[in-house]
2 protein chains.
Amino acid sequence: MRLSSRGEYGVRAMIHLALNYNEGFIPLSRIAAVEDISQQYLEQIFANLRRGGLIRSNRGVKGGYALASPPQAICVGDIIRVLDGPITPVNCVSDEGSDDDCRCGKSDDCLARSLWIKLRDHINQLLDGITLQDMLNWKY
Amino acid sequence: MRLSSRGEYGVRAMIHLALNYNEGFIPLSRIAAVEDISQQYLEQIFANLRRGGLIRSNRGVKGGYALASPPQAICVGDIIRVLDGPITPVNCVSDEGSDDDCRCGKSDDCLARSLWIKLRDHINQLLDGITLQDMLNWKY
DNA sequence: TTAAAACCATACTGGATTACTCAGGATTAG
DNA sequence: CTAATCCTGAGTAATCCAGTATGGTTTTAA
C-alpha cells in the first residue's frame, strides 16, 4: 500500500505551486532545488501533470509552471490519479481493470472483492476531499 | 497504492479458514486448490501468518491450518500487516520508518507529511474495523 | 515400522516496475 | 543572438515481486 515516488513528489510540487499561486510562473529549477528533487525526474512528472490539465506552463525565459486552477479546486486524488493511474488496492476493482485482471477467478461471489471495493472507495473519498487549499490551511 | 499479491492471497485464504472455522484443521492443498493459488507460494504466506500468531497448524496426515482466534477477533489490518509490514503510504510516517526514510529532508515543517499521516490512519482504521466475521456476514 | 501426508525453510530466478539519467530539441524574453 | 526555460523520448541500473525449486522435518494412519 505504498505510494510511488512520482505521486509523493507530485503532491509536494503541487503544494509548492499552491504556496506561490500569486507569483505567476515558477521555474522548475527552483522547485527542484527547494524540494530537493532531481530536476529531470520532475520534468517527467510535470509533463504528466500538464497533460492531465492540472498545471499550465510557459516556455522561454521567465517561463515556468503554475496551477491550472485555484488551490481550492485541485484535490489530492486528482494529482495521484494523473501520476499513478486509478487508485485501487487490486486491479480487478479498478475502473480500467477488466475481470481478466482478477487473480481470483470468481469475480462475482468473491467476498474479498467487497472488501477491496470498500477500501478503494474509502481512500478515494478521503483524497478527493482534501484540496491543496485545505493543506495550506493546515500550516501551524 | 496497490496491495501485494501476498496480501491479497492472504486475505482470501483467511476468509477460507473463517468459512470453515468449525471443521478443524484444513489442509493447505485444499485451500490452494479451491482458491487457485500456487501451493508453494501459499506455504510461504501461511508461514508468515503462523509466525504472526494469526493461524495455528497441525502436522502430519490429517494436519492442516486453522484460525488461531475466532473470526470476530481477527481483522483485515492484522492480516495485511503481518504479510506486508506496516500499512503506510510513505516510509517516513511508518512506525518502523526513521527520518532517514524521508524523501523530503524537512520531516517537521512538511505539509505533505500531515497528509500522509491522515491517509495512513484512515486506511488503518478502516482495515482494523473489519473482521473476518464481518466479511462472512456480507455474504449475499 | 513405514510411508504418505502435511508442514517448514531457504535459495533462486525471471520478469516487471521504479526511479531515475541522458541527450537533445523547441520556444521566448531581453 | 543567446541564455533561460520548457519539452520529449530513449535508455538503464537497481530493486522488488511473484512464483519455483529443492530438500528437508514432523506426525499419524495403517
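In the text below, chain A, chain B and the rest are named by the order of the sequence lines, each starting its count at 1.
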Could you give the CZ-to-P distance, from A/Arg2 to C/dA19, as a whole number of Å? 12 Å
In whole Å, what is the span from the CZ atom of B/Arg56 to the P atom of C/dC7? 14 Å
Rounded to the Å, how far apart are A/Ile26 CD1 and D/dA4 P? 18 Å
So, OP1 or OP2 of D/dT5: does either fall under 4.0 Å of a side-chain N or O from A/Tyr65? no
Using heavy atoms and a sub-4.0 Å distance, could you list which residues of residues 41-52 of chain A are near DNA chain C? By number, please. A/Tyr41, A/Gln44
Closest nucleotide among C/dC20, D/dT22, C/dC7 to the B/Gln40 side chain: D/dT22
Measuring from A/Asp121:CG to A/Leu126:CG, what's the distance to the nearest 0.5 Å? 12.5 Å
Does a side-chain heavy-atom distance below 4.5 Å link A/Ile55 with A/Met14? yes
Would you tell me whether B/Asn137 and B/Gln133 have side-chain atoms, one donor and one acceptor, within less than 3.5 Å of each other? yes
Cationic N near anionic O, under 4.0 Å, A/Arg81 to A/Asp78: yes
Round to the nearest Å and state the distance from B/Asp36 atom CG to D/dA18 atom C1'. 15 Å
Set out, line by line, the N/O atom pairs under 3.5 Å between protein and nucleotides 27-29 of chain D.
none

Value in whole Å for how far the C1' atom of C/dT18 lies from CD of A/Glu8: 14 Å
Ignoring the backbone of A/Ser38, work out which of C/dT18, D/dC6, C/dC20 is nearest its side chain. C/dC20
B/Ile31 CD1 to C/dA6 P, straight-line distance once rounded to whole Å: 11 Å
Just checking, any donor-acceptor pair under 3.5 angstrom between side chains of A/Ser94 and A/Asn91? no
Flag, side chain of A/Arg2 to backbone of B/Thr88, donor-acceptor distance under 3.5 Å: yes
If I take atom CD from residue A/Gln72 and atom CG from residue A/Leu136, how far apart are they, to the nearest 0.5 angstrom? 9.5 Å
Rounded to whole angstroms, how far apart are CG on A/Leu83 and C1' on C/dC20? 15 Å
Given A/Leu132, which of A/Leu19, A/Val11, A/Leu17, A/Ile74 fulfils the side chain to side chain contact (heavy atoms under 4.5 Å, CB included) condition? A/Ile74
So, OP1 or OP2 of C/dC8: does either fall under 4.0 Å of a side-chain N or O from B/Ser57? yes
Does a side-chain N or O of B/Ser5 approach OP1 or OP2 of D/dG19 to a distance below 4.0 Å, or not? yes
Mark yes or no for whether A/Arg50, through its side chain, and A/Ser57, through its backbone, hold a donor-acceptor pair below 3.5 Å. no
